[in-house]
Amino acid sequence: MLEKLCSLNGTSGDESAVADFIISEIKDYCEYNIDNLGSVIAFKKGKNTPDKKVMICSHMDEVGFIITDITDDGYIKFSAVGGIDSKVVLNRTVMINNVKGVIGLKAVHLLSDEEKNTAPSFKNLYIDIGAESKEDALKYVHPGDYAYFKNDFIKLGKNLIKSKALDDRIGCMLMIELIKSDLQYDTWFCFNVQEEVGLRGAACTSYSVQSDISVILEATTAADLCGVTGGDRVCVLGDGPVVSFMDGRTIYDKNLYQLAMNTAKENEINIQTKTAIAGGNDAGAVQTSGKGSRVMAVSLSCRYIHSASSVVNCNDIEDTRKLLKVLLPKLYD
């Protein structure tokens with residue numbers, strides 16, 4: 001399921017292929033609709049109808065690129081869609097309309113000392129699809145088209161997975177699994193668009209649902225790398241799901257945070273918190289939409305996030321499954 005989801009291309013504003021796949025998986029298990037922005041809002045009937053309305057969210061979009069211009073000699077200019085560090089895109093293979101290309105910059109031998117010591121600007125990068133001229137390139141690519149990292153979904157070592165779009169196709173997969181399961185209580189599920197460019201889809205879906213409690217399933221930045229110690233690691237692959245108390249957009253509900261921590265410990269499930277106030281996710285929009293919602297984020301530690309080579313631990317995915325199974329019924333107490 002995860003490999004299929006990650007193989008789909010769905011940069012912010014172009015999520016229809018991901019939405020279509022998700023709908024094909026959930027249509028026989030719930031009611032659903034698609035809002036005007038393209039998000040999928042699903043309602044799963046449970047064994048009981050509670051007084052509280054609980055919503056679970058993940059986002060369908062991924063970071064990527066949009067084509068802005070084509071030079072006279074056939075090189076393709078582009079801009080980033082979402083937060084991408086220009087250093088991680090050099091020499092990467094990308095796909096545009098099923099055509100392969102390579103992101104290039106002039107050779108290191110030709111760079112000035114200043115250019116060698118600074119990150120390249122996107123305005124100085126280009127995509128080379130092997131076109132001989134602008135007219136040749138226009139047979140395949142036009143301004144406004146999207147480009148994506150070419151995906152290579154592979155296993156590393158015993159328990160790690162490397163792929164593009166793990167942020168946040170893991171959340172989408174877990175929500176699909178929940179919708180297909182027998183739930184104790186009625187639950188709303190929102191597969192949101194355009195999270196990477198400003199939480200836009202979540203602002204609309206949360207306004208429509210008006211939930212009392214919302215759980216955001218996400219991926220979050222791990223810095224458990226060579227030479228990084230203590231809290232600077234932020235979160236660690238293999239230490240279980242990450243439950244945040246605060247990030248760059250949201251102060252999370254303190255009681256929900258503690259409920260998740262206690263539930264994990266009671267059930268001997270690995271769990272950790274995020275030791276840096278950084279980043280953000282759909283909770284930032286959900287929390288303040290309409291009448292407001294109590295929010296909690298349950299995230300997967302992810303190395304090299306927002307790149308073609310994001311890495312997660314399969315054990316963390318399994319621990320998140322276990323946590324959601326025992327935690328969700330408690331949200332209705």
Side-chain angles (χ1 to χ4, degrees), residues 2 6 57-59 61-63 80 82-89 119 156-157 159-171 174 195-199 202 215-254 256-265 269-287 295-324 327:
L2 185 57
C6 289
C57 298
S58 63
H59 66 88
D61 59 318
E62 65 190 277
V63 297
I84 306 180
D85 185 344
S86 61
K87 296 190 294 294
V88 308
V89 309
L156 301 176
N159 297 310
L160 304 187
I161 291 173
K162 170 263 178 187
S163 178
K164 77 170 181 68
L166 291 169
D167 173 22
D168 185 28
R169 304 291 160 71
I170 293 175
L174 293 172
E195 188 267 357
E196 301 291 4
V197 291
L199 322 183
V215 180
I216 286 75
L217 304 182
E218 255 290 8
T220 195
T221 305
D224 55 339
L225 307 172
C226 181
V228 182
T229 60
D232 291 339
R233 297 189 299 171
V234 184
C235 56
V236 178
L237 269 66
D239 281 6
V242 183
V243 180
S244 302
F245 49 82
M246 181 178 174
D247 61 33
R249 288 294 300 263
T250 305
I251 299 175
Y252 292 93
D253 185 277
K254 188 174 182 179
L256 293 178
Y257 171 82
Q258 199 59 56
L259 177 64
M261 288 293 181
N262 292 342
T263 300
K265 291 174 183 177
I269 300 170
N270 293 322
I271 197 167
Q272 60 183 313
T273 195
K274 189 174 176 179
T275 57
I277 309 302
N281 56 54
D282 277 341
V286 173
Q287 184 180 49
V295 292
M296 172 173 56
V298 179
S299 304
L300 267 291
S301 301
C302 183
R303 293 181 193 147
Y304 326 123
I305 201 167
H306 286 196
S307 77
S309 301
S310 297
V311 174
V312 298
N313 191 311
C314 293
N315 292 336
D316 291 336
I317 298 175
E318 184 57 32
D319 282 334
T320 303
R321 283 194 184 102
K322 293 176 182 177
L323 178 62
L324 291 173
L327 176 62

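On a predicted model such as this, the values are computed, not experimentally measured, just so you know.
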Flag, side chain of [X] to backbone of [Y], donor-acceptor distance under 3.5 Å:
{"X": "S299", "Y": "A219", "answer": "no"}
{"X": "S58", "Y": "D168", "answer": "no"}
{"X": "T263", "Y": "A260", "answer": "no"}

Heavy atoms only: give me the nearest [X]-[Y] pair and the separation to one decimal.
{"X": "D316", "Y": "P241", "result": "O-CD, 4.4 Å"}
{"X": "V286", "Y": "C57", "result": "CG2-SG, 4.4 Å"}
{"X": "S309", "Y": "K162", "result": "OG-CE, 3.2 Å"}
{"X": "D61", "Y": "R169", "result": "C-NH2, 4.2 Å"}
{"X": "D224", "Y": "L237", "result": "OD2-N, 3.0 Å"}

Any side-chain donor near an acceptor of the partner, [X] and [Y], under 3.5 Å:
{"X": "Y257", "Y": "T273", "result": "yes"}
{"X": "N313", "Y": "N159", "result": "no"}
{"X": "E196", "Y": "H306", "result": "yes"}

CA sep, side-chain torsions, deciding dist, call: R249, Q287, side chain to side chain contact (heavy atoms under 4.5 Å, CB included): CA-CA 10 Å; R249 288 294 300 263; Q287 184 180 49; over 6 Å; no
Counterpart residues, side-chain contact (heavy atoms from CB on, under 4.5 Å), relative to A283 (two or more places apart): I216, T250, Y252, N281, V295
Residues forming a side-chain contact (heavy atoms from CB on, under 4.5 Å) with V312, sequence neighbours excluded: I161, L166, I170, C302, I317
Test log, rule side chain to side chain contact (heavy atoms under 4.5 Å, CB included), inputs R233 and T275: CA-CA 8 Å; R233 297 189 299 171; T275 57; 5.8 Å; no
If we only count heavy atoms from C-beta on, is the [X] to [Y] side-chain gap below 4.5 Å?
{"X": "L300", "Y": "V242", "result": "no"}
{"X": "L327", "Y": "V215", "result": "no"}
{"X": "D167", "Y": "E62", "result": "no"}
{"X": "L225", "Y": "Y304", "result": "yes"}

Note: D85-K87 ion pair, threshold 4.0 Å (strictly below): yes
From [X] atom [atom1] to [Y] atom [atom2], the distance as rounded to the nearest 0.5 Å:
{"X": "H59", "Y": "L217", "atom1": "NE2", "atom2": "CG", "result": "10.5 Å"}
{"X": "N315", "Y": "E318", "atom1": "CG", "atom2": "CD", "result": "8.5 Å"}
{"X": "M261", "Y": "L256", "atom1": "CE", "atom2": "CG", "result": "12.5 Å"}

Other residues, nucleotides, ligands: >12 heavy atoms within 6.0 Å of I251 CD1: no
Test side-chain hydrogen bond (donor to acceptor under 3.5 Å, both in side chains) applied to D239 and N270, step by step: CA-CA 6 Å; D239 281 6; N270 293 322; over 6 Å; no
From CA spacing to verdict: side chain to side chain contact (heavy atoms under 4.5 Å, CB included), I84, V63: CA-CA 7 Å; I84 306 180; V63 297; 3.7 Å; yes
Chi angles and distances behind the side chain to side chain contact (heavy atoms under 4.5 Å, CB included) call for S301, Q272: CA-CA 10 Å; S301 301; Q272 60 183 313; 3.2 Å; yes
Residues which pass side chain to side chain donor-acceptor pair (under 3.5 Å) with T220, listed by chain and number, not counting sequence neighbours: K274
